[in-house]
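Shown next, in structure tokens, is the structure this report addresses.
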Amino acid sequence: MTYYPQQLDPGAQSILLGEIRRIIAQAPLYTPTMPRSGKPMSVRMTNAGPLGWVTDKERGYRYQTTHPVTGEPWPAIPPMLLALWNEVAGYPHPPEACLINYYGGAAKMGLHQDRDEADFDAPVLSVSLGDTGIFRVGGTTRKSPTQKFELKSGDVFVLGGEDRLAFHGIDRVLPGTSNLLDEGGRFNLTLRRVTRLG
DNA sequence: GAGTACCA
DNA sequence: GCAG
């Protein structure tokens with residue numbers, strides 16, 4: 001099941017953006033690379049929480065406790081995001097990872113599944129900040145048809161239940177559709193439970 | 001042919 | 001330019 005439980009109002013969006021800026025000051029955005037090929041992704045990433053999702057040529061997709069460039073532990077997940085999870089996720093254990101993706105100018109992300117977690121019972125909760133993203137979701141196989149949605153600044157979106165393993169991606173970001181970020185572009189935050197049990 | 005968070 |  002996919003659903004939009006709520007929209008953050010502009011005040012909440014700018015408070016959340018401040019939290020993200022604080023995280024990035026401590027754990028800078030970096031450019032992840034694909035397993036085996038080492039090709040760079042167009043989004044830049046960082047994380048908050050006890051675990052962060054990373055990828056590189058040598059070791060591939062995984063969660064780890066430290067930033068791959070600085071070697072430091074990830075900053076804490078902002079309390080307001082933990083509160084949002086409690087309101088909306090319907091899952092009795094807190095998220096362990098908050099992946100922060102920044103889509104600059106032409107950044108996009110191809111269709112993929114979030115399947116590097118041990119717990120697929122917990123939903124994945126996403127928050128969009130900044131320019132509108134064209135989001136594509138399909139089914140659990142690559143051949144199933146896809147649908148497009150616009151994810152606007154402040155949109156809270158949940159992939160759970162049957163759709164927890166749905167293929168999804170961002171086709172592109174529409175420049176100039178939000179004035180939240182001075183530099184333009186889009187932040188997407190995804191909260192995930194990684195390990196089983198609490 | 002499998003796999004594909006890239007690239008075409 | 002956009003769709004798939």
Side-chain angles (χ1 to χ4, degrees), chain A residues 2 20 23-24 27-49 51-69 74 77 95-120 122-152 155-177 184-195:
Chain A
T2 62
I20 300 312
I23 290 165
I24 290 171
L29 292 168
Y30 70 97
T31 300
T33 56
M34 294 294 287
R36 302 203 291 310
S37 70
K39 291 201 164 151
M41 295 179 61
S42 56
V43 299
R44 292 191 299 144
M45 290 184 177
T46 189
N47 289 267
L51 290 171
W53 188 88
V54 298
T55 172
D56 58 32
K57 179 177 163 120
E58 294 75 21
R59 298 179 58 200
Y61 307 155
R62 66 199 186 272
Y63 283 91
Q64 65 179 40
T65 57
T66 56
H67 191 291
V69 177
W74 306 106
I77 298 176
E96 295 164 295
C98 176
L99 175 61
I100 299 169
N101 287 155
Y102 175 69
Y103 295 77
K108 58 194 160 57
M109 189 171 297
L111 273 188
H112 68 279
Q113 291 175 301
D114 290 3
R115 55 177 310 153
D116 302 311
E117 302 76 30
D119 189 348
F120 296 145
V124 172
L125 189 161
S126 134
V127 182
S128 298
L129 292 174
D131 285 338
T132 298
I134 306 296
F135 181 69
R136 184 179 290 277
V137 213
T140 37
T141 77
R142 285 200 178 267
K143 9 195 17 157
S144 40
T146 60
Q147 269 188 286
K148 288 191 301 180
F149 295 99
E150 292 195 347
L151 291 182
K152 297 183 163 57
D155 283 353
V156 177
F157 178 73
V158 176
L159 270 179
E162 290 285 290
D163 296 319
R164 172 61 182 74
L165 291 172
F167 280 89
H168 60 281
I170 291 286
D171 289 355
R172 66 205 169 91
V173 170
L174 306 179
T177 45
R186 169 176 187 266
F187 280 109
N188 185 71
L189 319 175
T190 54
L191 295 171
R192 298 121 182 251
R193 180 78 203 172
V194 178
T195 64

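In what follows, every chain begins at residue 1, and chains take the letters A, B, ... in the order their sequences are listed.
The side chain of A/Lys57 contributes no N or O atom lying less than 4.0 Å from OP1 or OP2 of B/dC6. For the pair A/Arg172 and C/dC2, the criterion of a side-chain N or O lying under 4.0 Å from OP1 or OP2 is met.
Nucleic acid contact for A/Asp116: base, since at least one base atom lies under 4.0 Å from a heavy atom of the residue. In this structure, A/Gly110 reaches the sugar-phosphate backbone alone: every heavy-atom distance under 4.0 Å involves primed, P, OP1 or OP2 atoms, never a base. Within the 4.0 angstrom heavy-atom criterion, no nucleotide atom of any strand lies near A/Pro32.
Counting to the nearest Å, the P atom of C/dA3 and the CZ atom of A/Phe149 are 15 Å from each other. If you take CG of A/Asn101 and P of B/dC6, they are 11 Å apart, rounded to a whole angstrom. Atom-to-atom, NZ of A/Lys39 to P of B/dC7 comes out at 7 Å; the value is rounded to the nearest Å. C/dA3 atom C1' lies 18 Å from atom CZ of A/Phe135, rounded to whole Å. For the pair A/Gln147 CD and C/dA3 P, the computed distance is 14 Å after rounding to whole Å. Taking atom CZ on A/Arg142 and atom P on B/dG1, their separation rounds to 19 Å, with Å as the unit. Separating the CG atom of A/Asp171 from the C1' atom of B/dC7 is a distance of 15 Å, rounded to the nearest angstrom. If you take CG of A/Leu111 and C1' of B/dA8, they are 14 Å apart, rounded to a whole angstrom.
In this structure, of B/dC7, B/dT4, B/dC6, it is B/dC6 that holds the atom nearest to the side chain of A/Met41. Of the candidates B/dC7, B/dT4, B/dC6, B/dC7 carries the atom nearest the A/Lys108 side chain, counting heavy atoms from C-beta on. The side chain of A/Arg136 sits closest to C/dG4 out of C/dG4, B/dC7, B/dC6. Here the side chain of A/Lys148 is nearest to one of C/dA3, B/dC7, B/dT4, namely C/dA3.
Note on ring orientation: taking the six-membered ring where Trp is involved, the planes of A/Trp74 and A/His67 are tilted (angle from 30° to 60°).
The C1' atoms of B/dA8 and B/dG3 are separated by 15 Å, rounded to the nearest whole Å. Between the P atoms of B/dC6 and B/dA2, the separation comes to 22 Å (whole Å).
Within the model, atoms CZ of A/Phe135 and NZ of A/Lys152 stand 14.0 Å from one another, a figure rounded to the nearest 0.5 Å.
Between A/Arg172 and A/Asp131 there is no salt bridge, since none of the side-chain N atoms of the basic residue sits less than 4.0 Å from a carboxylate O of the acidic one. Between A/Arg193 and A/Glu96 there is a salt bridge, since a side-chain N of the basic residue sits under 4.0 Å from a carboxylate O of the acidic one.
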Run the side-chain donor-acceptor check on residues 159-169 of chain A: report pairs under 3.5 Å with partners two or more places apart or on a different chain.
from: A/Asp163; atom 1: OD2; to: A/Met1; atom 2: N; distance (Å): 3.0
from: A/Asp163; atom 1: OD2; to: A/Thr2; atom 2: N; distance (Å): 3.2
from: A/Arg164; atom 1: NE; to: A/Ala122; atom 2: O; distance (Å): 3.0
from: A/Arg164; atom 1: NH1; to: A/Asp114; atom 2: O; distance (Å): 2.9
from: A/Arg164; atom 1: NH2; to: A/Glu117; atom 2: OE1; distance (Å): 2.8
from: A/His168; atom 1: ND1; to: A/His112; atom 2: O; distance (Å): 3.3
from: A/His168; atom 1: ND1; to: A/Ala166; atom 2: O; distance (Å): 2.9
from: A/His168; atom 1: NE2; to: A/His112; atom 2: NE2; distance (Å): 3.4
from: A/His168; atom 1: NE2; to: A/Asp114; atom 2: OD1; distance (Å): 3.3

